[in-house]
Amino acid sequence: MKLSVVILSLASLVFAASLRTFEQQPLPAAQSGFDLDLNALRLIQLEGRAPEWVTEGRKIELKALGFKFFDITENQDLGNGIQSPTRVKSSFPSPNATEKVTPILKTLSTQGPKENLEKFTSFRTRYYRSDTGRASQKWLLSKISEITNGTASASLQKLITFREFRHSWGQNSIIVRIQGSSTSDDAVVIIGAHQDSTNLWPFLPAPGADDDGSGSVTILEAYRALLAADYRPVRTLEFHWYSAEGGLLGSQAVAQDYAANSVNVIAMSQFDMTAWVKRGTREEAGIIIDYVDPDLTKFNMELVDLYMDIPFVQTQCGYACSDHASWRKAGYPSTFTIESSFENSNKNIHSANDRIDISDEFSFEHMLEFSKLAVAFAVELGGYTD
Ligand code: BES
Ligand code: ZN
């Protein structure tokens, strides 16, 4: 037998044994403040394998063992319409709206992101099936409402709607929409982040400062600056804060809903982890090049060159690692930018140490660079109405 086969067989034996041990152990009683039944059945899909039913408990353990998968329990048809002949793929011309974008970039600040992230990380966990995860979502919704009412002019406010996209678990996704002025172009541009956090063991504290509190406040600051500039898009622009990124549940549900309603999403940009600059490394933006749309990603690189004050580095997750993958699965072009190369990213995520004050490697200045990218993405693809 070849050595690799022996190693593989051994690994799967150890894996099977560890799962068996896990199954034989009595599962802990339901914890108060969580609506998480460890015996509930979930349908998961590992890369290149047929979907399989597992318990929530086993799902958590598989994740801890490093397995990567979609939880497709509630979205089993996502992607089936991918070859839809009616969907015309867009091309992305080089960015050229510097006169409109640059003045807005100058108004971005670290103040809002600091205050908002301090509050957002004060919830014990933002786990999607926890009471505090629900409370953090309600807080985010009220913050969006406050920013909209306090920043947008009365006429701009008429173009804006925000809503909760309801899920069967406790925490809802949030969708903010700025209606485009065009009557002929039905295209929609989406900027997203996930609002939930998790510890590897979901009942433990998960401040989620970087993952993905950082992305959540990064795009909120971009939204605030666009409203302050009285920005009116030609195409409809949306900001999404997804629930339940673990298993990509929230974004799959939203993407499935959009696909079912034939919403013409021409571009989706995900911001997940934007704060960390590893000591001793060059400050840069990581552009993910796997599980993304190559044309939109090339366009995203051009945006970094033109509008961010740091260079980009191409990098890979190696798996469908964030919500952009749900949009891709639904057949829509998506792109994903992170704080650094995948290797140099924050290793405190999914633990109680994912905190703002854990290290001076956590940088609000770095985060601000990503708000620039979000503003540029919005204006360059959304167009603007004078
Ligand atoms: N933000 C992480 C993914 C990530 C980690 C990106 C490190 C860049 C660097 C994301 O929230 C996450 O936890 N993803 C899951 C997989 C997903 C399918 C739920 C993961 O990495 O285990
Ligand atoms: Zn994340």
Side-chain angles (χ1 to χ4, degrees), residues 42-49 51 56 59-73 75 78 117 120-121 125-129 133 171 173 192-202 206-219 240-253 255 269-278 281 284-292 313-329 334-351 353-354 361-362 366-367 370:
R42 307 294 308 178
L43 187 62
I44 63 166
Q45 181 155 36
L46 287 106
E47 182 80 28
R49 284 176 56 173
E56 277 280 9
K59 187 181 132 183
I60 291 164
E61 178 163 83
L62 283 170
K63 202 169 172 216
L65 286 165
F67 286 83
K68 315 291 182 189
F69 48 81
F70 278 86
D71 180 332
I72 61 167
T73 315
N75 303 283
L78 185 64
L117 196 54
F120 215 35
T121 53
T125 177
R126 300 192 304 276
Y127 189 65
Y128 69 107
R129 287 181 176 278
Q171 182 191 62
S173 294
H194 69 89
Q195 56 170 292
D196 62 314
S197 69
T198 187
N199 194 303
L200 219 45
W201 181 238
D210 200 9
D211 188 12
D212 184 22
S214 62
S216 297
V217 303
T218 294
I219 69 169
H240 292 185
W241 286 268
Y242 303 111
S243 166
E245 188 252 12
L248 306 175
L249 289 166
S251 53
Q252 282 187 90
S269 179
Q270 172 76 354
F271 290 81
D272 185 359
M273 301 168 67
T274 60
W276 197 257
V277 185
K278 187 179 173 179
T281 64
E284 51 198 17
I287 304 260
I288 298 287
I289 57 167
D290 58 346
Y291 299 89
V292 296
V313 57
Q314 298 187 29
T315 187
Q316 300 187 25
C317 274
Y319 56 98
C321 63
S322 193
D323 299 301
H324 61 290
S326 298
W327 291 94
R328 179 177 184 269
K329 200 174 177 196
S334 62
T335 188
F336 177 26
T337 318
I338 62 170
E339 59 202 10
S340 63
S341 66
F342 187 74
E343 295 68 41
N344 291 340
S345 65
N346 192 340
K347 299 295 179 278
N348 298 304
I349 65 168
H350 304 163
S351 85
N353 285 336
D354 186 6
E361 292 158 291
F362 196 100
H366 189 53
M367 211 187 275
F370 293 83

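Numbering of ligands and ligand atoms starts at 1, following listing order.
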Any idea which protein heavy atom is nearest [atom], and the distance to it?
atom: atom 20 (C) of ligand 1; answer: Tyr319 OH, 3.7 Å
atom: atom 22 (O) of ligand 1; answer: Lys68 NZ, 3.5 Å
atom: atom 6 (C) of ligand 1; answer: Met273 SD, 3.9 Å
atom: atom 14 (N) of ligand 1; answer: Cys321 O, 3.1 Å

Task: 4.5 Å side-chain heavy-atom contact, Lys68 and Glu47 - done: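 A side-chain contact is absent here, since even the closest heavy-atom pair is not under 4.5 Å.
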Task: Beyond-backbone contact of Asp272 with Asp211, side-chain heavy atoms, under 4.5 angstrom - done: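 The answer is yes, as the side chains (C-beta and beyond) meet within the 4.5 Å cut-off.
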Looking at [X] and [Y], what are the two nearest heavy atoms and their distance?
X: Asp354; Y: Asp210; value: OD1-N, 2.9 Å
X: Phe342; Y: Ser345; value: O-OG, 2.7 Å
X: Pro207; Y: Thr121; value: O-CG2, 3.4 Å
X: Glu245; Y: Asp196; value: N-OD2, 2.9 Å

Task: Approximate separation, where rounding is to 0.5 Å, of Ser326 OG and Phe70 CZ - done: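 Interatomic distance, Ser326 OG to Phe70 CZ, rounded to 0.5 Å: 5.0 Å.
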So is [X] touching ligand 1 or not, going by heavy atoms under 4.0 Å?
X: His194; answer: yes
X: Asp212; answer: no
X: Ile349; answer: yes

Open item on the list: Can you check the angle at the Zn ion (ligand 2) formed by OD1 of Asp211 and NE2 of His194? Round it to the nearest 10°.
Closed with: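 Value returned, to the nearest 10°, is 90°.
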Open item on the list: Evaluate Ser345 for polar contact with ligand 1, using N/O atom pairs at a separation under 3.5 Å.
Closed with: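 So ligand 1 has no N or O lying under 3.5 Å from an N or O of Ser345.
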- [ ] Please report the C-alpha distance between Phe362 and His366 in whole Å, then the side-chain angles of each, then the deciding distance to 0.1 Å, and finally whether the ring pair (Phe, Tyr, Trp, His ring centres under 6.0 Å) criterion is met.
- [x] CA-CA 8 Å; Phe362 196 100; His366 189 53; 9.9 Å; no
Taking only heavy atoms of [X] into account, list the atoms of ligand 1 that are under 4.0 Å away from them.
X: Gly247; result: 19 (C)
X: Lys63; result: 22 (O)
X: Phe69; result: 18 (C)
X: Phe342; result: 7 (C), 8 (C), 9 (C)
X: Asp272; result: 1 (N), 2 (C), 10 (C), 11 (O)

Below 4.0 Å, non-hydrogen atoms only: which portion of [X] touches ligand 1? Side chain, backbone, both or neither.
X: Glu245; result: both
X: Phe70; result: neither
X: Ala320; result: backbone

Task: Thr73 versus Arg42, side-chain donor and acceptor atoms under 3.5 Å - done: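 Yes - a donor-acceptor pair under 3.5 Å links their side chains.
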Task: Residue among Thr335, Asp323, Thr337, Asp212 satisfying side chain to side chain donor-acceptor pair (under 3.5 Å) with Gln270 - done: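 Among Thr335, Asp323, Thr337, Asp212, the one meeting side chain to side chain donor-acceptor pair (under 3.5 Å) with Gln270 is Asp323.
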Open item on the list: Parallel, tilted or perpendicular, judged at 30° and 60°: which one describes the rings of Trp327 and His240?
Closed with: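 Because their plane-to-plane angle lies in the 30° to 60° range, the rings of Trp327 and His240 count as tilted.
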TODO: Could you confirm whether Asp212 has any N/O/S atom lying under 2.8 Å from the Zn ion (ligand 2)?
DONE: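 Looking at Asp212, which is the residue asked about, there is no N, O or S atom under 2.8 Å from the Zn ion (ligand 2).
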